[in-house]
Q: 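One structure follows; several queries about it will come next.
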Amino acid sequence: MTVRPYDAVLCDIDGVLRHWPAPGPDDLDHAHGLPAGTLAEAAFAQSRLHPAITGEVTDEEWRSALATDLVDVCGSTDRARSIVAAWSDLMPRIDYEVVSLLTRVREVATVALVSNATTRLESDLARQGLDDLADTVVNTSRIGVAKPDLRVYLIAAERVGAPVHRCLFIDDTIANVIAAREVGMTALHYRQIEDLQDALSALLATATPSRGR
């Protein structure tokens, strides 16, 4: 009998499972006549983003504050709100190869999605049919700390009911990967689908037809 190498797989969302539109000539900055990078610089400024992904403010409050920050560059409150509304309506591209792999993993191990996210994450996942992909979702805005804070990984391991050394953590941000290793997890720095296929191959090899969902 083949022994599975992990009891749980903890997977990041953005940059692994889903991918947001890259900056370019068709992005909202260009479409609305703003300097390149304006929206991202304002939205992801640490002073704005950190409170949103640790639950100090709601997603709605974060986006409202972003619109306020953009009033001067946009020229009016109405224009700033319109641009933020258009940005909020953007949909990320789902990598269905990752979806397929995680679905197969659930036949042999517990799967958690672990994301630095706002309070909108759960509704966004549901909107794209991803709300049943994992056994649990660890949304940092619901737990008050964000990756790479070590507490995130300990909370995630507790949620999946596995010791940290029995967890495989996957993330596209190296700082988050290093933190996972620091608490004792095996961790993969994700860059391409082949990375994930290789990391999961030994685990998936333990699947048997009788355990299929």
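Every heavy atom of this structure was used, including side-chain atoms; hydrogens, water molecules and symmetry mates were not.
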Q: Quick one: does Ser88's side chain have a donor or acceptor within less than 3.5 Å of a partner on Val84's backbone?
A: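 Side chain of Ser88 to backbone of Val84: a pair is present.
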Q: Run the salt-bridge test on Asp172 and Arg191 with the 4.0 Å N-O cut-off and return the result as yes or no.
A: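 No, Asp172 and Arg191 are not salt-bridged.
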Q: Is any side-chain heavy atom of Asp12 closer than 4.5 Å to one of Lys147?
A: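 In short, these two side chains touch, coming nearer than 4.5 Å.
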Q: Ignoring hydrogens, what is the shortest heavy-atom contact between Cys74 and Leu34? Give both atom names and the distance.
A: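 Smallest interatomic distance, heavy atoms only, reads SG-CD2, 4.1 Å.
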Q: Measure the spacing between CH2 of Trp87 and CG of Asp29 and express it to the nearest 0.5 Å.
A: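 Result: 11.0 Å between the selected atoms.
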Q: Check the orientation of Phe44 and Trp62. Use parallel for under 30°, tilted for 30 to 60°, and perpendicular for over 60°.
A: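 Judged by the thresholds at 30° and 60°, the geometry between Phe44 and Trp62 is tilted.
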Q: Could you please spell out the steps behind the side-chain contact (heavy atoms from CB on, under 4.5 Å) verdict for Arg79 and His32?
A: CA-CA 9 Å; Arg79 185 162 179 252; His32 291 270; 4.2 Å; yes
Q: Answer yes if Leu10 and Ile178 sit in the same cluster of Ile, Leu, Val, Met, Phe, Trp and Tyr residues linked by side chain heavy atoms under 4.5 Å apart, and no otherwise.
A: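 Shared cluster, no.
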Q: Determine whether Val160 and Leu17 fall in the same hydrophobic cluster, where Ile, Leu, Val, Met, Phe, Trp and Tyr are linked whenever their side-chain heavy atoms lie under 4.5 Å apart.
A: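 Val160 does not cluster with Leu17.
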Q: Is there a path from Ile53 to Ile155 through hydrophobic residues (I, L, V, M, F, W, Y) whose side chains come within less than 4.5 Å of each other?
A: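 Ile53 does not cluster with Ile155.
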Q: Given side chains that start at C-beta, do those of Leu101 and Ile193 come closer than 4.5 Å, heavy atoms only?
A: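 Touching, per the 4.5 Å side-chain cut-off.
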Q: Flag the pair Leu90 / Leu28 as yes when at least one side-chain heavy-atom distance between them is below 4.5 Å, and no otherwise.
A: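 They are in side-chain contact.
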Q: Tell me yes or no: between the side chains of Ser141 and Asn139, is some donor less than 3.5 Å from an acceptor?
A: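 Yes, side-chain donor-acceptor contact under 3.5 Å.
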Q: Could you grab the distance from atom CD1 of Ile94 to atom NE2 of His19, nearest 0.5 Å is fine?
A: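 Taking CD1 in Ile94 and NE2 in His19, the distance rounds to 8.5 Å.
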Q: Does some side-chain heavy atom of Glu56 sit less than 4.5 Å from a side-chain heavy atom of His50?
A: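 With C-beta onward as the side chain, the pair touches.
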Q: Looking only at heavy atoms, what is the nearest atom pair of Pro5 and Thr206, with distance?
A: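 Smallest heavy-atom distance, with atoms named: CD-CG2, 4.4 Å.
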Q: For Thr140 versus Val145, what's the shortest heavy-atom pair and its separation?
A: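 Scanning both residues completely, I find the closest heavy atoms to be CB-O, 3.0 Å.
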Q: Take Leu121 and Ile13 through the test side-chain contact (heavy atoms from CB on, under 4.5 Å) and record every step on the way to the result.
A: CA-CA 10 Å; Leu121 175 64; Ile13 295 179; 3.9 Å; yes
Q: How long is the span from the CG atom in Asn176 to the NE2 atom in His189, to the nearest 0.5 Å?
A: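 Output value for this atom pair is 9.0 Å.
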Q: Check this for me: Glu61, atom CD, are more than 12 non-hydrogen atoms of other residues, nucleotides or ligands nearer than 6.0 Å?
A: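 Count over threshold, so yes.
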Q: Of all heavy-atom pairs between Leu66 and Ala43, which one has the smallest distance, and what is that distance?
A: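 Looks like CD1-N, 3.6 Å.
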Q: Check each of Val73, Thr38, Leu39 against Ile83 using the side chain to side chain contact (heavy atoms under 4.5 Å, CB included) test, and report the only one that passes.
A: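 Only one option passes, and that is Leu39.
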Q: In terms of hydrophobic clusters joined by side-chain contacts under 4.5 Å, are Val114 and Leu200 together?
A: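 Shared cluster, no.
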Q: Considering only heavy atoms from C-beta outward, does the side chain of Ile170 approach that of Val16 to under 4.5 Å?
A: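 Side-chain contact under 4.5 Å: yes.
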Q: Hey, could you give me the CD/CD distance between Gln197 and Gln192, rounded to the nearest 0.5 Å?
A: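 The distance works out to 9.0 Å.
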Q: Taking a hydrophobic cluster as the set of Ile, Leu, Val, Met, Phe, Trp and Tyr residues connected by side-chain heavy atoms closer than 4.5 Å, whether directly or through intermediates, do Val177 and Val98 fall within one such cluster?
A: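 No; tracing contacts between hydrophobic side chains, which count when under 4.5 Å, never links both residues.
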Q: What is the minimum heavy-atom distance between Leu188 and Asp195, and which atoms define it?
A: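 Nearest pair, atom of Leu188 first, then Asp195: CD2-O, 3.7 Å.
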Q: Given 3.5 Å as the limit, does a donor-acceptor pair link the side chain of Thr118 with the main chain of Arg120, or not?
A: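 Here the side-chain-to-backbone pair exists.
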Q: Considering only heavy atoms from C-beta outward, does the side chain of Asp7 approach that of Thr110 to under 4.5 Å?
A: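 Side-chain contact under 4.5 Å: no.
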Q: Does the Arg4 side chain pair with the main chain of Val108, one donor and one acceptor, at a distance under 3.5 Å?
A: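 Answer holds: yes.
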Q: Determine, stepwise, if the pair Leu102 / Leu113 fulfils side-chain contact (heavy atoms from CB on, under 4.5 Å).
A: CA-CA 10 Å; Leu102 294 180; Leu113 300 179; 4.2 Å; yes
Q: Looking at Asp135 and Arg159, does any basic side-chain N land under 4.0 Å from a carboxylate oxygen?
A: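 Answer for the salt bridge query: no.
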Q: Of all the heavy-atom pairs spanning Ala207 and Glu107, show the shortest one and how long it is.
A: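 Ala207 and Glu107 have their closest heavy atoms at CB-OE1, 4.1 Å.
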Q: Are Ile143 and Val138 side-chain neighbours, meaning at least one heavy-atom pair lies under 4.5 Å?
A: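 Touching, per the 4.5 Å side-chain cut-off.
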Q: How many angstroms lie between atom CG of Leu196 and atom SG of Cys11, to the nearest 0.5 angstrom?
A: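 Reported value, rounded in 0.5 Å steps: 6.5 Å.
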Q: Using modelled atom types only, decide if a donor and an acceptor are shared between the side chain of Gln128 and the backbone of Leu125 within a distance under 3.5 Å.
A: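 Flag not set: sc Gln128 to bb Leu125 has no pair under 3.5 Å.
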Q: Tell me which pairs pass ring pair (Phe, Tyr, Trp, His ring centres under 6.0 Å) where either residue lies in residues 118-160, with sequence neighbours left out.
A: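 Passing the test, one end in residues 118-160: Tyr153-Phe169.
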Q: Got Val99 and Leu133 here, is their nearest side-chain heavy-atom distance under 4.5 Å?
A: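 Sidechains of Leu133 and Val99: in contact.
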Q: From Met91 CE over to Asp124 CG, what is the distance, rounded to the nearest 0.5 angstrom?
A: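 Met91 atom CE to Asp124 atom CG measures 7.5 Å (nearest 0.5 Å).
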Q: Any salt bridge between Arg142 and Glu122, counting N to O under 4.0 Å?
A: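 Yes, Arg142 and Glu122 are salt-bridged.
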Q: Please determine whether a side-chain nitrogen of the Lys or Arg among Arg18 and Asp95 lies less than 4.0 Å from a carboxylate oxygen of the Asp or Glu.
A: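 Answer for the salt bridge query: no.
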